[in-house]
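Each ligand, and each atom within it, is numbered from 1 in the order the structure gives. For this chain, numbers begin at 1 and follow the sequence in order.
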Amino acid sequence: MKLHILGCYAATPRTLTNPTSQVLEIKNHMFLIDCGEGTQVQLRKQKIKFSRINHIFISHLHGDHFFGLPGLISTFRLLGRDKEMHIYGPTGIKEAITMLLKLGDSWTNYHLIFHELTSKEPVLVYEDAKVSVTTIPLDHRVYTNGFLFREKLGERQLNIEATTEYGIDTLYFRNIKMGKDVTLDDGTTVKNELLSFDPTAPKSYAYCSDTAYLPSIINQIFGVDWLYHESTFLDSEAHLSTKTKHSTAKEAAAIAKAAKVGTLLLGHYSTRYKSIALFKEEATSIFENVELADDGKVFEW
Ligand SMILES: [Zn+2]
Ligand SMILES: [Zn+2]
């Protein structure tokens with residue numbers, strides 16, 4: 001998996017900081033997660049092809065998470081897109097976007113398919129042979145979901161040395177990868193585990209923004225490889241954090257620790273702070289493995 005941070009600051013766009021947007025590369029998909037203002041420019045800067053984006057996941061309808069969407073939808077039209085585009089987000093997103101398209105008489109020439117969400121329980125919103133995406137219901141001032149991206153267990157890996165040793169024809173390779181035993185010409189059966197290795201462990205990523213401290217998500221995200229958890233405030237502004245239903249760096253770290261995640265990625269910093277280094281300092285006092293998201297950074301695992 002490869003995660004491109006396009007923007008990871010709260011509230012308003014500024015000279016050097018952008019509101020929330022990310023692209024997750026997973027099994028040949030380019031999933032766009034949230035779409036704050038400036039997303040298009042950030043996509044260009046990171047040389048991500050617009051045409052590779054077919055699914056957009058919007059956490060909630062605060063402007064810093066979706067005000068870039070109407071512009072992006074319009075650009076897709078100008079670029080002559082004809083593939084369908086799927087948008088997953090809270091109820092109301094379809095009305096908001098179609099109203100703008102209607103007023104400008106600028107309907108798309110490609111299918112725009114909205115998947116509106118209302119459930120307060122996790123919902124499987126996307127699935128194919130290789131990946132699944134499930135909502136993570138969060139606690140914010142408006143209806144909000146995070147998203148849990150999981151790879152599925154892949155096929156077994158051929159043990160080429162062993163298949164050569166047993167003189168196994170390449171015709172059987174497909175079956176071996178699917179876990180089947182092989183019967184040789186003389187009638188003996190060779191067990192699959194002698195001919196193949198276990199598949200690589202499927203990877204996972206949980207995106208949680210925006211949210212108040214919410215321990216009920218721990219079960220759902222338990223053991224994920226990477227967790228992006230918002231940390232709008234430092235401890236000194238904990239009162240503001242509670243009031244606005246955001247989290248502090250320490251609260252994000254407490255979630256990461258309890259969920260035994262691999263790496264905690266912090267973001268959605270309030271622009272009141274001069275430097276983001278303190279976020280890492282406060283979080284690592286609770287959970288060791290912390291990374292700071294920043295616009296333009298790429299993480300791979
Ligand atoms: Zn936000
Ligand atoms: Zn918000």
Side-chain angles (χ1 to χ4, degrees), residues 3-24 31-43 56-72 87-93 95-97 116-120 135-148 205-214 216-217 221 227-234 237-253 255-256 264-273 276 279 283 292-297:
L3 182 68
H4 303 257
I5 307 294
L6 306 180
C8 67
Y9 288 79
T12 62
R14 305 176 116 207
T15 325
L16 297 173
T17 62
N18 295 277
T20 303
S21 187
Q22 313 183 341
V23 169
L24 180 69
F31 287 147
L32 182 65
I33 310 166
D34 278 340
C35 189
E37 280 179 78
T39 296
Q40 295 190 54
V41 177
Q42 292 295 95
L43 285 169
I56 302 176
F57 300 87
I58 301 293
S59 62
H60 65 301
L61 298 183
H62 279 157
D64 58 327
H65 296 257
F66 94 108
F67 279 178
L69 190 56
L72 186 62
I87 295 173
Y88 309 79
T91 293
I93 194 167
E95 188 188 350
I97 298 295
E116 294 199 309
L117 306 167
T118 50
S119 179
K120 290 187 174 152
T135 60
I136 307 170
L138 297 174
D139 178 21
H140 193 41
R141 302 193 304 279
V142 293
Y143 175 72
T144 303
N145 288 295
F147 297 99
L148 176 58
Y205 174 57
Y207 170 85
C208 296
S209 187
D210 299 351
T211 187
Y213 176 63
L214 188 62
S216 62
I217 64 174
I221 63 170
L227 164 66
Y228 176 88
H229 194 292
E230 75 127 286
S231 56
T232 309
F233 296 104
L234 294 172
E237 278 68 46
H239 57 289
L240 282 181
S241 190
T242 313
K243 198 170 133 196
T244 56
K245 291 211 165 192
H246 282 297
S247 299
T248 64
K250 279 190 181 173
E251 287 171 332
I255 296 288
L264 168 65
L265 183 58
L266 294 176
H268 201 268
Y269 320 108
S270 162
T271 47
R272 77 184 52 229
Y273 303 107
I276 56 174
F279 284 88
L292 292 175
D294 210 350
D295 301 3
K297 266 196 187 175

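- Checked against side-chain contact (heavy atoms from CB on, under 4.5 Å), Ala256 has the following partners two or more places apart in sequence or in another chain: Leu227, Val261, Leu264, Phe287.
- When the side-chain contact (heavy atoms from CB on, under 4.5 Å) test is applied to Gln42, the partners found at least two apart in sequence or on another chain are Leu6, Asn18, Lys45, Asp295.
- If you count the protein N, O or S atoms nearer to the Zn ion (ligand 2) than 2.8 Å, you get 4.
- Between Lys245 and Asp139, at least one side-chain N (NZ, or NE/NH1/NH2) sits under 4.0 Å from a carboxylate O, which counts as a salt bridge.
- Among residues two or more places apart in sequence or in another chain, the side-chain contact (heavy atoms from CB on, under 4.5 Å) test is passed with Ser119 by Glu121, Val123.
- A parallel orientation is assigned to the rings of Phe57 and Tyr88, their planes being inclined by less than 30° (bins at 30° and 60°).
- Ring pair Tyr207/Tyr205 is tilted by interplanar angle, where 30° to 60° counts as tilted.
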